[in-house]
Amino acid sequence: MRVPFTTAVVVSLLLWGMAPLLGLPAPAEIAAAEAEKAPAEKPPSEAKSYAYPTPELKKMYETNVGLEKGDGPFGDAYKPIPMHMYLNPSRHYIRPDISMFADLMKKFGPEQCVECHENVTPGIVNAWKSSTHAQPKKNEYFAGKTADIEKRLGREVTEVMCADCHGKSHDVLQMPTVDNACGQCHPQQGEELASEREHGRPNHVQSWEANVIVPWYIENYRRGEGASQIGCDVCHVEMSRCDGCHTRHIFSAAEGRRPEACASCHMGPDHPDWESYEHSKMGIIYHLEGHDWPFDKPLAEVIPGKDYHSPTCQYCHMYKGGGKWIISPVTKGIWRMGTVPPKEVDFTSSLKDYPYGINLPPINKKLEVRSPESIQKRETWLELCGRCHSVRFARLWLENLDEYMFLGWKKQDEAQKIMDQVVAEGLLDPSPEERACYPMGDVLADALGPDKLGMGVYKAFK
Amino acid sequence: MRWKISFLALSVVLLGFLIVWGIMEMKPEWKRYQTAEYAQSIESLKHELERWSDPKWGDPKTAQSIEKRIESLKKPRLEVKQILLKGSGLWKDNRNGQRVDRCITCHVDEDKLTKLHPNIAENFPSGIYGCTVCHGGEGESLKLKKAHHGLFRDRKEMLARIKTADALLQLWKGLAELTPEEGARASDFKYYGVTGEKAVYVGSAACLRCHKGLTPFHVDRWKNNKFITMEKVKKALDFINGDEKYRRECYKCHTTGYDEKTGKYVEEGVTCEACHGPGQFYIYFMSSGKVAEASRLSKLGFSYDVCGHCHMARNHEIRGPYMAMLESDEKGQPNAEVAGMIKTSPAQPIKPNEELPTEINDLHDIEKGVALAGTVNSIARESSKESRVQ
């Protein structure tokens with residue numbers, strides 16, 4: 001039985017779902033062994049991890065390994081590029097050698113970073129000076145928030161200094177992540193971000209896992225083209241950090257509430273979310289009037305129509321229901337970015353057996369727009385939409401969008417049927433047999449077996 | 001002569017009819033579908049066989065048993081299969097009614113059907129409820145066209161069915177008729193939607209948007225009583241220290257839309273849908289400009305025994321040990337500041353109860369019922385003891 005190459009490519013698109021299920025302990029074991037051999041620069045933190053809740057995941061994605069091995073279950077198969085020490089610092093960061101300045105460093109304490117860095121990196125220092133971290137009690141609202149944090153930490157917070165996030169000296173310098181820095185004072189936000197995991201992929205908190213698990217990621221390193229992966233890495237690394245939306249070194253909540261915060265990743269041909277918003281009436285109104293809207297207000301206090309004249313990405317997608325907004329835009333996701341064929345369409349082509357007999361949760365899960373779970377999400381949407389629209393309008397609008405998506409899949413089904421026929425009649429040139437082996441196919445076949453891959457894909461990989 | 005010819009012609013025609021009827025009787029429509037279905041099962045079993053005969057990942061024993069199953073399916077016994085449904089009043093005498101669903105004659109692959117009904121099979125086993133109660137159609141027919149007449153094939157068609165509240169009320173009634181439980185009423189099935197799946201809880205925010213204005217007294221009365229209790233529960237020490245199993249006992253009554261299987265709830269506190277049932281279809285009518293239908297659904301679907309689900313005696317017995325600990329503090333006073341305690345002062349000062357341990361760790365050893373739920377009971381016990389001594 002032949003499986004067309006296109007099928008194999010689609011299959012590989014799905015393989016990113018398998019990380020925790022692979023049962024590939026080798027990289028993690030090696031990491032542990034290495035950690036024992038050489039005294040680690042940074043002792044592996046026993047503290048709770050927001051980004052990687054299990055020890056296995058922590059070992060695969062977070063425990064520091066320098067630049068010796070990569071991330072994920074195929075971590076042994078490639079070495080990361082040096083740039084990764086900044087992209088995924090918790091795993092790859094290497095401190096600069098400052099032994100020449102040892103005497104200088106002795107003179108300055110952890111509260112004196114600013115004195116040098118005002119000259120060395122004035123941009124960072126000045127940004128920090130204008131941040132709430134520099135004046136945590138600058139107004140009543142922030143004073144209240146800071147009081148909560150003080151109560152939790154059991155100490156007074158007059159200033160959040162460089163050392164609080166970066167470590168107390170250059171000898172213990174660290175690049176901040178949600179685990180070692182942000183989450184210490186903002187645990188609720190950390191937990192809300194981590195809660196995305198419950199809803200399955202795609203989400204933010206697992207976006208780095210999704211990035212490095214695909215075989216072609218490693219395949220590019222095998223071909224010596226690892227540097228080209230930076231295009232994926234830059235966005236996909238946001239999961240373990242907060243500064244994707246609340247940028248350095250101001251870390252402003254108000255900035256995170258502006259729709260542009262999402263735009264830096266959610267744009268372009270493969271996910272034109274920003275383009276859709278920008279050109280929609282909602283986006284146009286934001287463009288015309290948005291500069292005056294009170295983005296300092298927490299989303300739960302925003303009065304629609306008065307504060308915001310049209311919704312932002314955050315106002316709708318971060319709404320959890322019951323009048324609550326949380327730092328997770330995936331709680332109401334029904335379409336899951338529209339990449340999975342829905343059960344509601346009667347497929348006649350090979351899309352019928354999607355995902356090609358592969359039996360790896362969550363990728364073997366089909367989209368179900370009318371399941372009770374989806375209906376519950378839809379009702380939460382309608383409650384939200386109903387703040388500005390007639391619920392009947394909103395319901396008809398969204399149901400029409402569903403139908404529109406189904407029609408799109410039906411068209412794709414027709415096209416796929418033609419492709420199936422082309423493959424069946426051996427008209428592909430070069431034929432699947434003549435093409436190069438699927439990236440890492442042999443490794444995958446041996447690791448996963450026919451139960452998880454499905455017999456067709458298993459044989460094709462073999 | 002002429003009559004002889006016409007007699008012969010008539011006989012030939014009759015014979016012809018007889019032969020055609022005979023053939024039709026021998027090869028009815030359903031046999032074709034049943035054979036096709038068996039062929040499909042064989043096809044999927046063959047895929048399975050390929051996987052199990054793989055030299056590295058396979059298992060020869062399993063492969064053998066699959067082979068046997070394929071062999072047996074190759075020569076299937078074609079027969080009419082049917083589900084006997086509970087008739088009016090006959091079922092309990094071990095005799096079935098006259099209603100039957102013969103759908104499984106053609107849809108003969110049970111595994112396939114179970115897979116197609118992941119949320120249904122458990123609550124409404126097809127062996128009892130059949131197919132037509134939800135799907136419509138004519139269950140006793142063995143002809144495709146007739147059997148599928150008025151059929152609701154999938155969720156979309158089922159959902160499109162609810163133009164008025166009647167569709168839902170009739171479905172509930174139909175389920176109540178079929179259930180083996182005696183005395184079941186339509187309103188007992190209000191937790192299920194038109195697809196037979198659990199109806200969705202929409203959350204009180206959606207209800208209150210209209211009902212703040214429509215039924216302000218009712219909303220105010222709800223707001224001003226104890227129904228927003230989950231906040232109190234969350235502060236109670238036994239809840240905080242309790243494990244997930246213990247907490248689930250609290251969720252049962254102190255949340256709305258609690259699902260025993262998953263342990264998840266939709267909303268904290270006792271809100272609209274805790275008493276009125278899940279609002280999926282109610283809100284559908286309300287927001288589709290069919291307020292009268294919404295009103296009918298809520299009135300006809302409501303039952304006045306909802307309170308009893310939670311307000312029953314000894315529901316708090318599980319809290320006994322915790323309550324006992326509170327009683328026996330140093331001053332012998334019930335600690336009114338502790339969350340979850342009713343702030344009433346005892347009628348008479350009580351002595352520290354030496355029978356009861358003070359450490360919460362020891363409390364697990366106490367048998368249930370040593371300290372009944374609450375201070376008042378223990379005081380009564382204490383005073384009755386004293387009076388006996390006197």
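On a predicted model such as this, the values are computed, not experimentally measured, just so you know. Naming convention: chains lettered A, B, ... in sequence-line order (proteins, then strands); numbering from 1 in each chain.
Annotation: the span from A:Arg395 atom CZ to B:Ser288 atom OG amounts to 5.5 Å, rounded to 0.5 Å. With rounding to the nearest 0.5 Å, the separation of CZ in B:Arg153 from CG in A:Asp346 is 9.0 Å. In this structure, the separation between CZ on A:Arg392 and OH on B:Tyr284 is 10.0 Å, given to the nearest 0.5 Å. Between the OG1 atom of B:Thr195 and the CD1 atom of A:Ile375 there is a distance of 6.5 Å, given to the nearest 0.5 Å. Rounding to the nearest 0.5 angstrom, the gap separating the CD atom in A:Glu344 from the NZ atom in B:Lys156 is 10.0 Å.
When heavy atoms are compared at a cutoff of 4.5 Å, B:Lys198 approaches chain A solely by way of its backbone atoms N, CA, C and O. Interface residue B:Glu197: only side-chain heavy atoms are found under 4.5 Å from chain A. Interface residue B:Arg51: backbone and side-chain heavy atoms are both found under 4.5 Å from chain A. With a 4.5 angstrom heavy-atom cutoff, A:Asp402 does not touch chain B via any of its atoms. For A:Ser371, the parts lying under 4.5 angstrom from a heavy atom of chain B are both the backbone and the side chain. With a 4.5 Å cut-off on non-hydrogen atoms, B:Ile283 touches chain A through its backbone and its side chain both. Contact annotation for A:Glu399: neither backbone nor side-chain heavy atoms come within less than 4.5 Å of a heavy atom of chain B. Contact of A:Phe393 with chain B is not made at all, since no heavy-atom distance falls under 4.5 Å.
More than 12 heavy atoms of other residues, nucleotides or ligands shown are found within 6.0 angstrom of NZ on B:Lys290. Heavy atoms from other residues, nucleotides or ligands lying under 6.0 Å from CD of B:Glu110 number 12 at most. Few gaps surround CH2 on A:Trp335; more than 12 heavy atoms of other groups in view lie less than 6.0 Å from it. Residue A:Glu301 places its CD atom among more than 12 non-hydrogen atoms of other residues, nucleotides or ligands, all under 6.0 Å distant. No more than 12 heavy-atom neighbours from other residues, nucleotides or ligands sit within 6.0 angstrom of CZ on B:Arg69. Heavy-atom contacts from other residues, nucleotides or ligands closer than 6.0 Å to CD of B:Gln64 number 12 or fewer.
Contact record, B:Trp57 with A:Pro450: CG-CD, 3.1 Å, taken as the closest heavy-atom pair. In terms of heavy-atom proximity, A:Gln376 sits nearest to B:Val200 at CA-CG1, 3.4 Å. B:Ala205 and A:Gly322 get closest at one heavy-atom pair: CB-CA, 4.3 Å.
For the set A:Val391, A:Thr380, A:Asp451, A:Leu384, the count of heavy-atom pairs under 4.5 angstrom toward chain B peaks at A:Asp451. Taking A:Arg387, A:Glu379, A:Lys343 one by one and counting their heavy-atom pairs under 4.5 Å with chain B, the maximum is reached by A:Glu379.
Although no hydrogens or angles enter the test, the distance criterion places no donor-acceptor pair under 3.5 Å between the side chain of A:Glu383 and the main chain of B:Val202. In this structure a side-chain-to-backbone donor-acceptor pair under 3.5 Å is missing from A:Arg370 to B:Arg155.
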Evaluate B:Glu50 against A:Lys459 for side-chain contact (heavy atoms from CB on, under 4.5 Å), listing each step before the verdict.
CA-CA 11 Å; B:Glu50 191 182 18; A:Lys459 275 159 74 177; 2.5 Å; yes

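Not a single salt bridge (charged side-chain N to carboxylate O under 4.0 Å, His left out) links B:Asp154 to another residue, sequence neighbours left out.
A heavy-atom distance below 4.5 Å is found between the side chains of A:Pro372 and B:Asn119.
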